[in-house]
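All values reported here derive from a predicted model rather than from experimental measurement. Letters A, B, ... are given to chains in the order of the sequence lines, protein chains preceding strands, and every chain is numbered from 1.
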Amino acid sequence: MKTENKRLIKLKFSQTTLLFALIMMLVVAITCVSPSFLTWRNIRNVFMQNAITGIIVASMTIVMIAGGIDLAVGNQLSFLGCLLAVLINKGIPEGWSVLIVLAISTLLCAISGLIIANTTAQPFIITLGFMSVYKALALITAGGSDIPIRSFQWLGQTQLLGVIIPVWIFLFLFLIVALVLQFTKFGRSVYSLGSNEQAAYISGIPVKRLKVIVYAINGLFIGLAAAAMLSRLGSAVPTMADGYEMTVIAACAIGGITLTGGEGSALGSFLGLLFLGIVRNGLNMMSVPTFYQYLVNGTIIVIAVLLSNYNSRKKA
Amino acid sequence: MREKILQLKNISKAFPGVQALEEVNFDLETGEVHCIVGGNGAGKSTLIKILAGVYSPDGGEILLDGVRYERFTPHISRDLGIQTIYQETLLAPTLSVAENIFLGDSLINRNGVVKWKEIRARAKEILDLLEVDIDIDAKVRDLGIAGKQAVQIAKALANESRIMIFDEPTASFGRKEVDNLFKIIRTLKQRGVGIIYISHRIEEVFEIADRISVFKDGKSVAHHDSKEGLAFNTLIHEMVGRSTNQFYDRERVPVGGVVLEVENLRGSDVNGISFSLKRGEVLGIGGMVGSKRTELLRLIFGADRLLSGTVTYKGKTFQPKSPLQMMKKGFCMVTEDRAITGLLMKRSLKENIMICKYSKFPQMFLNMKEEERITRAEMERLSIKAKSPDQLVLNLSGGNQQKAILAKWLLTNGDIFIMDEPTRGIDIAAKEDLYQLIVEIAKNGGSVILVSSDMPELVCMSDRILIMKDGSLAGELLQENISEENIIRVIVGG
């Protein structure tokens with residue numbers, strides 16, 4: 001029995017282990033080409049560059065394990081950034097402005113959650129619609145131009161132990177999500193919902209309420225990401241987070257989450273994000289032109305997902 | 001004149017840890033029905049999959065029309081005219097019957113245009129041949145299970161299949177559907193089609209078989225060239241390796257006072273049903289497939305929208321609103337379909353067993369040690385065979401999956417058990433374990449509502465039987481009147 005247990009644990013780890021090995025190989029390869037890659041400064045850079053998307057990857061992990069998806073996260077982030085800039089520039093105290101934005105963001109995502117929970121509409125399509133709505137809201141709020149903020153930069157600039165606060169927020173939230181998914185009843189319900197909604201419902205899991213909560217959490221995290229991003233950039237641009245949803249979903253997918261839900265883990269998504277971040281950083285260091293970066297990025301996503309797919313099929 | 005079309009010689013197949021087939025011999029003649037019976041894990045499914053080209057045998061040979069093959073591929077298998085009729089139909093639900101019958105066949109003219117006239121005419125011809133009354137323009141998703149099966153058979157005929165394999169074809173059929181299927185099978189026989197028929201239902205095997213092979217633990221343990229003089233019990237003895245009565249002899253438990261009163265329950269398919277349930281009682285619900293028994297159970301459990309009616313339980317009258325609400329009151333629901341409404345297939349046994357307990361009782365954090373302990377205890381108590389609590393339920397046998405479902409409800413300490421076809425598709429040994437568990441529930445003061453299409457099961461397990469017809473109650477049989485004949489009489493009569 002004992003050895004059997006060990007074997008299962010090993011199998012469970014194999015997907016993330018594979019990803020971890022890939023990341024290591026990548027690190028070695030990039031370091032060979034440009035030795036300055038493996039410096040504290042640059043590693044810190046990788047985390048700084050990915051902190052904002054990372055916050056959303058954390059909540060998207062929950063959404064996607066629950067069998068949902070949210071395509072609107074990028075545009076919603078842009079919109080909230082603009083909204084926060086307007087509020088702060090209006091002279092509303094920073095704390096209140098952030099709270100207002102967090103509340104609005106949570107509410108907005110809860111609304112998409114309500115629609116998804118109470119109809120048979122696909123989350124993919126519903127959030128695709130919202131994507132466009134938020135794009136418009138961002139442009140309307142900003143009045144078509146950028147909004148420099150007069151204060152609030154401290155959050156994005158202040159360093160704690162040599163690392164800016166947004167990185168700490170990202171790491172902290174990720175840790176929370178990992179713990180919640182692994183050790184709480186809520187986390188278990190999320191896996192159950194994604195694994196088999198009907199069985200979960202019959203087994204007494206309030207699936208509708210759970211869906212709303214899951215999306216609302218996503219909203220809360222987007223709000224936090226918006227505050228961090230605005231503070232970091234010092235100015236709200238209505239298109240500042242366009243296309244972020246792609247990176248976020250790709251990170252989750254590389255980390256082993258499928259569109260059907262019910263599998264994957266916070267650690268997997270974290271490694272997925274790290275992988276993408278290192279690739280981008282490495283390409284920059286090797287001064288690969290942006291046009292080609294897209295090509296490399298896309299190819300890597302496809303290959304990584306194929307690999308993890310192959311791996312999980314072998315497991316079953 | 002009958003001739004041998006298929007011969008399997010010394011076929012073996014091993015999977016990690018299991019010898020699924022061991023030196024199995026089997027043959028099939030044209031125009032005969034060769035039945036294979038055996039418990040779960042007997043190797044029937046593996047044999048089918050070898051014939052369908054899904055698995056390659058480790059050893060042995062396959063002779064088809066005297067030509068020797070080491071293995072099939074799905075393609076070769078289909079080209080040679082071997083077709084499996086599965087329980088879960090592999091049809092395109094949104095296409096018409098005619099389109100499905102000729103799906104994948106290039107009935108197109110030189111310009112690449114579909115020959116609709118010919119497709120419809122030939123589809124009609126085949127269905128007429130089978131004497132099935134199905135509209136060729138109907139969408140497949142609108143057909144019942146039996147209709148879908150008939151379309152699959154028609155499709156196999158259109159492909160000029162010479163060997164058809166039926167894998168548990170009647171698992172959710174009532175008597176009428178079975179009769180229709182057997183009529184079709186007899187037509188197929190006359191046309192020289194060789195039929196391999198696999199079923200748990202011994203009485204049906206006796207009815208349709210020309211020859212019977214018994215499989216057990218990957219071996220072909222017995223073979224009967226004719227059913228003349230063959231006794232039920234002989235076959236069952238060969239299947240389980242011990243003697244058992246075809247009618248399970250359950251221990252009777254004294255039935256107490258009324259605990260549940262269902263009044264005038266009405267849903268989109270259920271037309272005002274009232275009945276009562278007593279303490280320690282096993283209340284059977286019989287009826288044809290499509291008589292809306294599952295729908296009634298779902299209404300009682302709050303899983304579907306209730307239009308009107310109430311439930312009175314422990315002195316309180318209320319309307320079932322959600323499974324969570326009913327679960328908290330002490331109701332348990334063992335659903336009909338393990339993969340769809342029963343289990344989280346891709347998750348571990350542990351997670352599946354704990355799910356209801358967690359839903360019912362307030363608690364924020366998981367207790368991993370406790371989970372492990374409880375799961376092991378349940379595995380022991382219900383003799384669930386799994387490698388460990390972390391094994392995916394997907395990899396458990398049907399019987400063990402069913403026990404896992406029961407286990408997760410037993411852990412909620414409920415006392416009204418609603419069970420929908422709890423022994424469907426599981427072997428006799430596992431069935432008897434489940435029967436024992438049902439009796440155990442009754443003994444402990446619980447009550448059971450049991451829906452079953454398995455007549456002997458309904459007859460031997462129930463203290464009282466309600467019979468449903470088209471969403472309404474058609475009759476009630478008290479203990480002394482319970483018999484298969486009486487059930488059928490209520491179903492058929494008026």
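Looking at A:Y201, its side chain does come within 3.5 Å of a backbone N or O of B:A303 through a donor-acceptor pair. One N or O on the side chain of B:S359 and one on the backbone of A:S203 form a donor-acceptor pair closer than 3.5 Å. Under the 3.5 Å distance criterion, the side-chain polar atoms of B:R347 are left unmatched by any main-chain donor or acceptor of A:N196.
Counted within 6.0 Å of CD1 on B:I340, heavy atoms from surrounding residues, nucleotides or ligands total 12 or fewer; the atom is thus considered open. Environment of CD in B:Q363: crowded, with over 12 heavy atoms of neighbouring residues, nucleotides or ligands closer than 6.0 Å. Residue A:F124 qualifies as open at atom CZ: its count of foreign heavy atoms under 6.0 Å is 12 or below. Within a 6.0 Å sphere centred on CZ of B:F318, other residues, nucleotides and ligands contribute more than 12 heavy atoms. Remark: A:L179 CG is packed, more than 12 non-hydrogen atoms of other residues, nucleotides or ligands lying under 6.0 Å away.
Between B:L344 and A:A199, the closest heavy-atom pair is CD2-CB, 4.3 Å. Residues B:P323 and A:I202 approach most closely at CB-O, 3.8 Å, considering heavy atoms. Looking at every heavy atom in both residues, A:K185 comes nearest to B:Y358 through NZ-O, 2.7 Å.
Neither the backbone nor the side chain of B:M326 comes within contact range of chain A, judged by heavy atoms closer than 4.5 Å. Proximity to chain A (any heavy atom under 4.5 Å) is restricted, for B:F361, to the backbone atoms N, CA, C and O. Only the side chain of B:K408 comes within less than 4.5 Å of a heavy atom of chain A; its backbone N, CA, C and O stay farther away. Interface remark: B:T335 contributes side-chain atoms only to the contact with chain A (heavy atom separation under 4.5 Å).
Side-chain contact between A:F186 and B:M364: absent, with no pair of heavy atoms (C-beta onward) separated by less than 4.5 Å.
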Open item on the list: Applying side chain to side chain contact (heavy atoms under 4.5 Å, CB included) to B:F365 and A:T184, what does each step give before you reach the verdict?
Closed with: CA-CA 4 Å; B:F365 294 98; A:T184 67; 3.7 Å; yes
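Among B:K346, B:R298, B:M333, B:M345, the residue making the largest number of heavy-atom pairs under 4.5 Å with chain A is B:K346.
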